[in-house]
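Everything numeric in this text was worked out from a predicted model, so none of it was measured.
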Amino acid sequence: MSDFFGWVILLPLAGACLAVLFGKRAAPVIGVLIALLTFGAVAGLAWDVWQLGDQRYAVGGWTIPLGINLYADGLSILMLLMTATVGMAVSVYSLGYFTHSSVEDGWSEAHGFWPLFLFLWSALNTLFLSADLFNLYVSLEMLSSAAVGLIVIAGGGTALAAGLRYLLAAFVGSLCYLFGVALLYAEFGTLDLYELSENVMSTSAALAAVGLMTVGLLLKTALFPLHFWLPQAHTSAPAPVSALLSALVVKASFYMLVRLWFEAFPGAVSPSAAQFLGVLGAAAIVWGSVQAIAQARLKLLIAYSTVAQIGYLFLVMPLALAPLVDGETAITTANFDAWSGGVYQALSHALAKASMFLAAGSVLHALGHDRLSGLRGVAEKLPMTAAAFGIAGISLIGLPPSGGFIAKWFLLRSSVAGGQWWWVIVLILGGLLSATYILVVLRQMMLRADDDVEMQPVPRVMELATFALALGSLLLGIRSIELLAFLEIGGPFPPGSGE
Amino acid sequence: MSQFLLYSLASVVLFSLSLYSFITYAHLLRKILALNVMSSAVFLLLVNVAQRNRIDHPDPIPQAMVLTGIVVAVSTTGFALALARKIYSTLGTETLPDEDDLE
Amino acid sequence: MSQETSNPRPPVRFAPVRIFAVLLTLGVAFILGQAVQGLSEEPGGLTGEVAENVETSGVEHPVTAVLLNFRAYDTFLEVGVLLLAVLGVLAVRREDGLTSAREMRGSRLNEDPMLEWLVRLLAPVMVLAGGYLLWLGTSAPGGAFHAGSMLAAAGVILRMAGHPSIAIVRTGLLRLALLLGFIAFLITAFGTLLFGGALLQLPETGAGLVILAIELAVTVSIAFTLVALFVGGQSVPADETDEAA
């Protein structure tokens, strides 16, 4: 039982507490310090998992099913590292972003941001480590509350409406999930994912529960057609918050879905349900990309791009779900490839999308608006920011040598090897459509600036953080072997499934 | 029909009806109320399971889940109400702005 | 919330959405109904396991043992959710505290003797009842949440009677009160991690004391938080200063 479990969870919570108590001046310092410490704790846990294999931790010393178990395997570690990386970058970025916002009657956006941000981070950490159905519910609620809080600190009617819409949708999603948990407990008498996987039977209660929980989690992950709340919510939030929402928050409910389908109920879920989710994912890719191309504002474009990129994640379902052959799940390399591809898509999208939103924030800061038609000259005046947007775009489109390329490559390989060739069309189409909207933005940015347009100077830290994240998404593509090796630890696939 | 089945079906009916209300009514307060009824439906199911699992006393785990669930529902409702109130004073509307497909 | 509406009927989505909602509702009801019918009527679950371990948990009542020992981690996070909601409400109101000029100008208590007498009688009784519920939690249904709700109800009655209630509490102190429960949990968590075994592993001897201390802090927090949520949902001060004579 690694001690790092406790540190990974408690450090950001302590930071949030301190940020509330010592608000006004100390919050940014506390924020960055805690970000560093948390990153260290996650690295420590990653080291333990790497050396010793997947770890279980009994909170309170009570064994399951009485107590709550935490579980760290390759997937959790990668999610935690993704969170820590984006979290670090957003902390640094926010040092510059919030000092320039207005202060009204002693209340400033920074005052609300830091505590809520640290709570969001801790919610993500608790979620990615949890192996208990009800604990996952409480973590998810913590995540949604923090996310909505972060959206509404921007003030103004649009942010309030977007935040409330998100809150209501999230509430419905959580309630569907909780109803499913109640059914599962009634049927199996346990709340632990591992125990469930041992006892699973395809009864009508279990199937209905999984179905209902899936719908609830789809609502929170904003898969088409349940994505209606996302574009406004991610657009009207302040830029660093949009980065957190698109990169991390939507991945959390996806992670829960994946744990449910692949760890707790591997045999019980039918292939046709998986295909249906894949079809919805394909629809998300097409719809989101088309909407993105049609947008006139940068942040809305990026938000619709998120809707599209989430669709890629759901191609994991039909591709990685191993079919039941004679009552046993027959896992092939095609399944593991799809799994790797999906996880890599989550990771690289997180870094790339966060970088894009941070870039949009810098642009907004410099120009005072984010209309696409007015983006001329950004490449000239803010070269680091424009370059970051471009590099992040490479990952989103899926060009080598980025992380996005690795992800799509694995998904392509899996589609072909698994005989599900129709996803190849979707992947290629998706790449072409993303290229379109990315290039539209880049072209605008690279046009010569109008002489009469005034640009505010952008703080160095903002540009640096944006660029670092974009570089990260590129690095993911270059150093993929070590990270993919992590995925073989624990998880639903036995060691050695990869080649 | 046993007591367990009766209350379970009641919970299902409440859940479904509140889902209908949530989708159909556009007024924010109605939506928030629908969500509260929905959470009561889930709590009803949990308490029902606690009673079914009774040996000397009802099963404490679902009861603890309900207590936690109530706190979470109250927090979210409080937050939603504050938001709805602020939306009303800022935008002057009692419905979410883009739901303009109203009769 | 609405003062006068030209259309007295509640706004509903138009026909296609309603038809979809009806179909969805029927479908959900059918599927869940089938699921629920398939559930066994035999006792299952963890009643026995809890009963076996209650003696070492530090309290007698099984639900309190589950909430504050076996699954204390969930309660810890849930207190966090409560705190987040109140932080969110403060962010929405763009204020640090919950005072407004109108509230501080004086209460209505002096105008209505019936109200004054009622509040004078009820409020202390409710505080006492809250304290009792907190203590009772060790051996019967009760504990932090019940006590906190009772105290919050007292606060709400005070406020509705025109007493500013928690609005008197200064901003810094209010934040501390809101955080108290969470801090108690945090200190316990760090303590168990540093000096004991696992996270939130309460010592066998003294578990009862630790639980009571946490519950006390959580009660105070819950009371303040619920009243703050109530105040947060009331008219925004900007509306009121316009009406001020």
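Chain C forms the most heavy-atom pairs under 4.5 Å with one residue out of B:T68, B:L45, B:I55, and that residue is B:T68. Highest contact tally toward chain B, considering only C:A51, C:A65, C:S40, is held by C:S40 [criterion: heavy-atom pairs under 4.5 Å]. Between chain B and the options C:P16, C:P43, C:G33, C:P141, heavy-atom pairs under 4.5 Å are most frequent for C:P43. By number of non-hydrogen pairs under 4.5 angstrom with chain B, the leading residue of C:L32, C:L26, C:T75 is C:L32. In terms of non-hydrogen atom pairs under 4.5 Å with chain B, the most contact-rich of C:A85, C:P62, C:G44 is C:G44. Among B:L81, B:V71, B:L9, the residue making the largest number of heavy-atom pairs under 4.5 Å with chain C is B:V71. The residue among C:R71, C:E78, C:H146 with the most heavy atom pairs within less than 4.5 Å of chain B is C:E78. Chain C forms the most heavy-atom pairs under 4.5 Å with one residue out of B:L19, B:V13, B:I61, B:L17, and that residue is B:I61.
Using bins of under 30°, 30° to 60° and over 60° for the plane-to-plane angle, the ring pair C:F185/C:F76 lands in the parallel bin.
Neither the backbone nor the side chain of C:V79 comes within contact range of chain B; no heavy atom of the residue lies under 4.5 Å from a heavy atom of that chain. Looking at C:E49, there are no atoms closer than 4.5 Å to chain B (heavy atoms on both sides), in backbone or side chain. Residue C:I222: no heavy atom, backbone or side chain, is found under 4.5 Å from chain B. In this structure, chain B has no heavy atom under 4.5 Å from any part of C:H61. In this structure, chain C has no heavy atom under 4.5 Å from any part of B:P62. Of the two parts of B:V74, the backbone and the side chain both hold a non-hydrogen atom closer than 4.5 Å to a non-hydrogen atom of chain C. Contacts between C:L82 and chain B at a heavy-atom distance below 4.5 Å involve backbone atoms as well as side-chain atoms.
Between the B:S16 side chain and the C:V28 main chain, no donor and acceptor come within less than 3.5 Å of each other. Counting only distance, with no hydrogens or angles, the side chain of C:N69 and the backbone of C:S57 share a donor-acceptor pair below 3.5 Å.
Taken to the nearest 0.5 Å, the CD atom of C:E55 stands 10.5 Å off from the CD atom of C:E60. Atom CZ in C:R18 sits 12.5 Å away from atom OG1 in C:T25 (nearest 0.5 Å). Rounded to the nearest 0.5 angstrom, C:E215 CD and C:L68 CG are separated by 4.5 Å.
Using modelled atom types, one finds a donor on one side chain and an acceptor on the other under 3.5 Å when comparing B:S2 with C:E41.
The side chain to side chain contact (heavy atoms under 4.5 Å, CB included) test with B:L67 is passed by exactly one of C:V66, C:V63, C:D74: C:V63.
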